[in-house]
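Numbers restart at 1 for each chain; the letters A, B, ... are given by sequence-line order, proteins then strands.
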There are 2 protein chains.
Amino acid sequence: MLISEFAKATGLPIDTIRFYISKGLLTPERSLKGGSRPYQTFKQEDVTAARMIRLQQTLGYSLGEILTLNQQYRAGETSPELTIEVLQMQIDRLEERKAALNAALSFLRGKVDWIRAGKPDDAPRLEDYQC
Amino acid sequence: MLISEFAKATGLPIDTIRFYISKGLLTPERSLKGGSRPYQTFKQEDVTAARMIRLQQTLGYSLGEILTLNQQYRAGETSPELTIEVLQMQIDRLEERKAALNAALSFLRGKVDWIRAGKPDDAPRLEDYQC
DNA sequence: TATAAGTATGGAGCATGATCCATAGTCAAG
DNA sequence: CTTGACTATGGATCATGCTCCATACTTATA
């Protein structure tokens, strides 16, 4: 798969793909120059890797953290315990964010109800929610 | 409340507070220079405003969006319908993020289980989750 | 073989969200 | 009335995550 096809497959702009490659987040193979193309060649696993990067970004990880996590993940392929630990870390972080989002949700819902009720005395207070 | 006290009350660095003021996100009063201090004075409502900004950041809003939302919110104080609309927008956005986080959570949990089970044939595939 | 389209590389530029710094004014205590 | 702590201002700098550009090479097509 050439980079333009990879871009279509992942929905990522080519510049972004190259940026990720330069950061070591994506590691496509390079064809040998002898007779064939000198270009990078992407496989299905690279598509999955790109999706994983995007997922991790939605989890709130920076590209630097993602790189570290994925390197640890690869290192852990021979050690399921380590892999589990890394994934569990991600899950924990996810749960934290979800809890914060739920608190925010409660607050906003309370505010909507309060406004709908014609703004009685007791306004929902931000301080009462763990946001 | 002086800026240093406000910093303690909110946990925000002074530079960040000034940055937010320069962007119009925080609008403390200014004491008149005649005889008294020329400094900015913060009230409890500014503390709440700061908390709200941080909350909105965790919802994934940029400072520019937060400024717009809060201006709309203030404009909507005379129109509960508009205020509700703005808050509902925030809730909808929050629900979307929560759904994405839940999908990611399912995937990661599936992966952990799969590794714990000694990595049988059918690995959880990222493609099967709406992350 | 000319030409266009795709690819590679390095570096510049940009938006966001801070963070730091130089300078200068204000104020309370000693 | 000097010293030290605090405040205000504007601009420089920084990290992140792209995005764009100049240049140059490769390859397919006419």
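OP1 or OP2 of C:dT19 has at least one side-chain nitrogen or oxygen of B:Thr16 nearer than 4.0 Å. An OP1 or OP2 oxygen of D:dG17 is reached within less than 4.0 angstrom by no side-chain nitrogen or oxygen of A:Arg54. For C:dT7, one of the phosphate oxygens OP1 or OP2 lies less than 4.0 angstrom from a side-chain nitrogen or oxygen of A:Ser4. Taking side-chain N and O atoms only, A:Gln57 has a distance below 4.0 Å to OP1 or OP2 of D:dC18.
What separates CZ of B:Arg30 from P of D:dA8 is a distance of 6 Å, to the nearest Å. If you take CG of B:Asp15 and C1' of D:dC14, they are 13 Å apart, rounded to a whole angstrom. Atom pair A:Glu5:CD and C:dA5:P shows a separation of 17 Å (rounding to whole Å applied). In this structure, A:Ile21 atom CD1 and C:dG10 atom P are separated by 12 Å, rounded to whole Å. Separating the CD1 atom of A:Ile14 from the C1' atom of C:dT7 is a distance of 8 Å, rounded to the nearest angstrom. A straight line from CZ of B:Phe42 to C1' of D:dC6 spans 13 Å, rounded to a whole angstrom. One atom, CD1 of B:Ile53, and another, P of C:dG17, lie 11 Å apart when rounded to the nearest Å. Summarising the geometry, the separation between CD1 on B:Ile17 and C1' on D:dC6 is reported as 14 Å, rounded to the nearest angstrom.
The minimum heavy-atom distance linking A:Pro28 with A:Thr41 is given by the pair CB-O, 3.6 Å.
Listed for the A:Arg93 side chain is a donor-acceptor partner under 3.5 Å among the backbone atoms of A:Gly60. In terms of modelled atom types and a separation under 3.5 Å, the side chain of A:Asp113 and the main chain of A:Gly110 share no donor-acceptor contact.
Minimum atom distance to the side chain of A:Arg18 is reached by C:dA8, of the listed D:dC18, C:dA8, D:dT7. When distances run from any side-chain atom of A:Phe19 to the nucleotides C:dC20, D:dT7, D:dG17, the shortest one goes to D:dG17. For B:Tyr39, counting side-chain heavy atoms from C-beta on, the closest listed nucleotide (D:dT19, C:dC27, D:dT26) is C:dC27.
The stretch residues 59-68 of chain B touches DNA chain C through B:Ser62, B:Leu63, each having a heavy atom under 4.0 angstrom from the strand.
Between A:Phe6 and A:Phe42, the ring planes are parallel. Angles under 30° get that label, and only those over 60° would be called perpendicular.
Side-chain atoms of B:Gln71 and B:Arg74 form no donor-acceptor pair, as typed in the model, at a separation below 3.5 Å.
At the heavy-atom level, B:Tyr20 lies under 4.0 Å from the strands shown only through sugar-phosphate atoms.
Counting heavy atoms from C-beta on, the side chains of A:Arg97 and B:Arg97 come closer than 4.5 Å. Taking the side chain as every heavy atom from C-beta outward, A:Val47 and A:Met1 approach each other to under 4.5 Å.
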